[in-house]
Amino acid sequence: MGELFSEFPVWSAFFMTIKVCLLAGVIAFALGTLVAIFRLSPMPVLRSMGALYVNVIRNTPLTLLVAFSQMGLASTLGWHLNRADLYSDNFRWGAVALGVYTAAFVCEAIRSGVNSVHVGQAEAARSLGLGFRQTLGEIILPQAFRSAIVPLGSTLIAMIKNSTVVSIIGVAEIAYLQADAMEQRPDLMYWILAVVALGFVILTLPLGLATTHFGKRLAVKR
């Protein structure tokens, strides 16, 4: 097993996976919250835009989004802006595609949390003269996040496992290392698979335990 760590950049691949997941997670949470607000808006145009985003992105394979982000957007923007670095910045384009994809699921997790808040909360806020923005931002969303913490945790765990897809555009994360190492050293195949599996357990298990813990602590007593 020592040969694996000495011959291949295992730690570098592990930290690249963490970097991709952190950037994608920030994008997914910010964009998913915005789309959820759109879907809850009293304005039909915004609701339609939110629904269109979720239905299109959720039903598009992640591999296509990742390929399109690097081969379509990166090439087009790089050509228009005359910036060669945009062509080759696979790490950021992969993270953006993963974040955009995960945002659709974050939106639905938040929306399910909003739906779990009793309608009387919104009615009480409106009776006090609060508008849509104040009702949603100060009354509904804080309670919705408390109810949505477990599905949000499950969504982020799925995102970490989905991060392997960015290897198709050359991002040197864990799955990329796995394919490269197994091609060069098939005799270490079982060790390679074990290390990759252990890497994902190390990344996802604490998140799963944390969401379960906070989900129980913040659950509304009924």
Side-chain angles (χ1 to χ4, degrees), residues 20-69 72-74 76-77 92-163 165 207 210-211 214-222:
V20 169
C21 291
L22 284 176
L23 180 56
V26 170
I27 294 171
F29 189 78
L31 184 58
T33 303
L34 179 64
V35 177
I37 292 172
F38 274 32
R39 295 209 69 181
L40 296 165
S41 170
M43 299 176 66
V45 175
L46 294 183
R47 284 204 307 274
S48 299
M49 288 171 62
L52 179 65
Y53 178 89
V54 170
N55 286 319
V56 170
I57 297 297
R58 193 169 55 179
N59 292 297
T60 301
L62 177 56
T63 49
L64 287 181
L65 287 178
V66 171
F68 179 73
S69 70
L73 287 177
T76 303
L77 287 176
R92 287 187 175 80
W93 286 112
V96 167
L98 182 61
V100 167
Y101 179 78
T102 308
F105 298 91
V106 169
C107 164
E108 291 305 275
I110 293 174
R111 204 162 68 93
S112 69
V114 169
N115 289 333
S116 71
V117 179
H118 195 279
V119 68
Q121 298 281 325
E123 292 173 348
R126 282 196 292 269
S127 69
L128 293 173
L130 299 181
F132 171 75
R133 186 185 303 174
Q134 286 179 300
T135 301
L136 190 63
E138 299 177 14
I139 307 295
I140 304 300
L141 278 182
Q143 298 180 70
F145 280 122
R146 189 168 62 176
S147 301
I149 190 165
V150 173
L152 279 175
S154 299
T155 300
L156 293 178
I157 289 172
M159 183 198 72
I160 293 172
K161 292 187 286 187
N162 286 337
S163 68
V165 175
L207 183 58
T211 52
F214 286 112
K216 287 180 180 177
R217 287 199 61 176
L218 298 176
V220 178
K221 304 297 182 187
R222 301 182 185 278

Minimum heavy-atom distance between [X] and [Y], given as atom pair plus value:
X: L64; Y: T60; result: CB-CG2, 4.3 Å
X: P151; Y: S147; result: CD-O, 4.0 Å
X: G113; Y: A144; result: C-CB, 3.5 Å
X: E108; Y: R39; result: OE2-NH1, 2.9 Å
X: A95; Y: V20; result: CB-O, 3.9 Å
X: L136; Y: P142; result: O-CD, 4.1 Å

Worksheet item: Under the ring-ring contact (aromatic ring centres under 6.0 Å, His included) rule, what pairs show up with a residue in residues 97-126, not counting sequence neighbours?
Response: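 Only Y101-F105 qualify under ring-ring contact (aromatic ring centres under 6.0 Å, His included).
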Counting distance only, does the side-chain N/O of [X] pair as donor-acceptor with the main-chain N or O of [Y] below 3.5 Å?
X: Q143; Y: I139; answer: yes
X: T102; Y: G99; answer: no
X: S41; Y: F38; answer: no

Worksheet item: Going through the distances and angles, do I37 and I110 end up as a side-chain contact (heavy atoms from CB on, under 4.5 Å)?
Response: CA-CA 9 Å; I37 292 172; I110 293 174; over 6 Å; no
Worksheet item: Is the closest side-chain heavy-atom distance between T211 and S154 below 4.5 Å?
Response: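 A side-chain contact is absent here, since even the closest heavy-atom pair is not under 4.5 Å.
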To the nearest 0.5 Å, what is the distance between [atom1] on [X] and [atom2] on [Y]?
X: S69; Y: L62; atom1: OG; atom2: CG; value: 9.0 Å
X: L152; Y: L156; atom1: CG; atom2: CG; value: 6.5 Å
X: L40; Y: L46; atom1: CG; atom2: CG; value: 11.0 Å
X: C21; Y: N162; atom1: SG; atom2: CG; value: 9.5 Å

Worksheet item: Applying the side-chain contact (heavy atoms from CB on, under 4.5 Å) test to L31, which of V100, V96, V106 qualifies?
Response: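 Per the side-chain contact (heavy atoms from CB on, under 4.5 Å) rule, the option paired with L31 is V100, out of V100, V96, V106.
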Discussion item. One pair to check against side-chain contact (heavy atoms from CB on, under 4.5 Å): R58 and N55. What are the steps and the verdict?
Written reply: CA-CA 5 Å; R58 193 169 55 179; N55 286 319; 3.7 Å; yes
